[in-house]
Number of protein chains: 2
Amino acid sequence: MTEAEGEIRLGLLDGAVGYLLRRAQLVVFEDFARRFAALDLTPAQFSTLLAIRENPGRRQSDIAAALGVQRPNFVALMDNLERRGLAARVRSGEDRRANALELTKGGAALLDRALAAQGEQEAAIRAAIGETGRRELIATLARLSQLSNQT
Amino acid sequence: MTEAEGEIRLGLLDGAVGYLLRRAQLVVFEDFARRFAALDLTPAQFSTLLAIRENPGRRQSDIAAALGVQRPNFVALMDNLERRGLAARVRSGEDRRANALELTKGGAALLDRALAAQGEQEAAIRAAIGETGRRELIATLARLSQLSNQT
DNA sequence: TATTGTTATACTCTATAACTATA
DNA sequence: TATAGTTATAGAGTATAACAATA
């Protein structure tokens, strides 16, 4: 070791919402990955299973759009869930171009375990920033997502 | 158009900090990209220029680590800044393995313009969630980043 | 003609192993 | 031996164009 030279200062970055948002999101996603490793579910797979359960029989494109995933990229994701027997694509009767998405029994069971793990993450966040801080954070993030319709 | 079938419900995702964090971060980064398009700076490039200005002469690895960038990935980033004449790598006299990073005059000038653009983004965020909300958000995100040292 | 799901593809980010030159 | 910077590379995530089947 030659020298330590002291800490690196980040300047205005400490007060930049975009920078802090990125860093916090990385930390929370790493925590998610640890908790979901045993379930072998990524955030995208987890949110897909949940969206299917909340909207059974809806078309693949609608679910993808609601989650902010491009349709082409959603194909491999569904391939994976289907191969593992967690979700199923059923050819729609009304529109034979479309796939109606359903959860299998195994998918519903895994989702229950995933929701428990997610609840534990939320509890850890509550322990870190308090329940009031958590509720305010959720409300603020929801409002922030409407930034797109601005100057 | 066959049918609309109504909105997709996201279920508990509306109250999941991780999910909202990801969506908000995407929105804020898209806004950033619009504001910084004329300057041709990515978030990583902007934060690098700022970190160099705040810590002139520090080694490349230290700056990369402080920004959470892997050393190998920082090489191409610096190549770009150097090629554009915004920053310079100076062989350190103390340790001839190391690069001391400096901002050029052009880099300092571009950074000034970038900081103005960043200030405008912060103002837009203030308009969306209020100054109180913004200060609370910054404090909460900073505390959230310490989630790693938990159960 | 337009839309759904799909394939192919490309580009960015990120992560790891291994080299070189110095220490 | 160990470290700083680098190269090569591989894996995710994300974006667009174009095709077949169906509307």
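To find a chain, count down the sequence lines: A is the first, B the second, and so on, and within it residues start at 1. Quick caveat: nothing in here was measured; it's all calculated off a predicted structure.
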Write down the protein N/O and nucleotide N/O pairs, taken from nucleotides 19-22 of chain C, whose separation is under 3.5 Å; answer none if there are no such pairs.
none

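In this structure B/Arg96 satisfies the salt bridge (Lys or Arg N to Asp or Glu O under 4.0 Å) test with no other residue, sequence neighbours excluded. Contacts of B/Glu102 classified as side chain to side chain contact (heavy atoms under 4.5 Å, CB included), with partners at least two apart in sequence or in another chain: B/Pro56, B/Val90. Partners of B/Arg89 according to the side chain to side chain contact (heavy atoms under 4.5 Å, CB included) rule, which considers only residues two or more places apart in sequence or in another chain, are B/Gln60, B/Val75, B/Met78, B/Asp79, B/Glu82, B/Asn99, B/Leu101. A/Glu131 is linked by a salt bridge (Lys or Arg N to Asp or Glu O under 4.0 Å) to A/Arg126, A/Arg134, A/Arg135, counting only residues two or more places apart in sequence or in another chain. Under the side chain to side chain contact (heavy atoms under 4.5 Å, CB included) criterion, A/Leu20 pairs with B/Ile138, B/Leu141, sequence neighbours left out. Every side chain to side chain contact (heavy atoms under 4.5 Å, CB included) that A/Glu54 has, sequence neighbours left out, goes to A/Leu50, B/Arg9. Applying the salt bridge (Lys or Arg N to Asp or Glu O under 4.0 Å) criterion to A/Arg84, with sequence neighbours excluded, gives A/Asp40. In this view, B/Gln25 satisfies the side chain to side chain donor-acceptor pair (under 3.5 Å) rule with no residue, not counting sequence neighbours.
Between the CZ atom of A/Phe29 and the P atom of D/dA12 there is a distance of 16 Å, rounded to whole Å. Rounded to an integer number of Å, the gap from B/Leu26 CG to D/dT14 C1' is 10 Å. A straight line from CD of A/Glu30 to C1' of C/dT14 spans 11 Å, rounded to a whole angstrom. With rounding to whole Å, A/Asn80 atom CG is found 14 Å from C/dT6 atom P. Regarding B/Glu94, its CD atom lies at a distance of 14 Å from the C1' atom of D/dA4, rounded to whole Å. Rounded to whole angstrom, the span from the CZ atom of A/Arg59 across to the C1' atom of C/dA2 amounts to 13 Å. Per the geometry, CD1 belonging to A/Ile63 stands 14 Å off C1' belonging to C/dT4, to the nearest Å. One atom, CG of A/Leu67, and another, P of D/dG13, lie 14 Å apart when rounded to the nearest Å.
Residue pairs meeting the side-chain hydrogen bond (donor to acceptor under 3.5 Å, both in side chains) criterion with at least one partner in residues 63-78 of chain B, sequence neighbours excluded, do not occur; the list is empty.
Minimum interatomic distance between A/Arg59 and A/Ala98 (heavy atoms only, all atoms of both residues): NH2-CB, 3.3 Å. Considering every non-hydrogen atom in both A/Leu41 and A/Ala114, the closest pair reads CD1-CB, 3.9 Å.
Contact check of residues 49-56 of chain B against DNA chain C (heavy atom, cut-off under 4.0 Å) returns no residues at all. Residues from residues 68-78 of chain A placing a heavy atom under 4.0 Å of any atom in DNA chain D, listed by number, are A/Gln70, A/Pro72, A/Asn73.
Between B/Arg22 and the phosphate of D/dT14, there is a side-chain N or O to OP1/OP2 separation shorter than 4.0 Å. An OP1 or OP2 oxygen of C/dT6 is reached within less than 4.0 angstrom by a side-chain nitrogen or oxygen of A/Arg89.
Each of D/dT6, C/dC13, C/dT6 was ranked by its minimum atom distance to the side chain of B/Thr42; first place goes to C/dC13.
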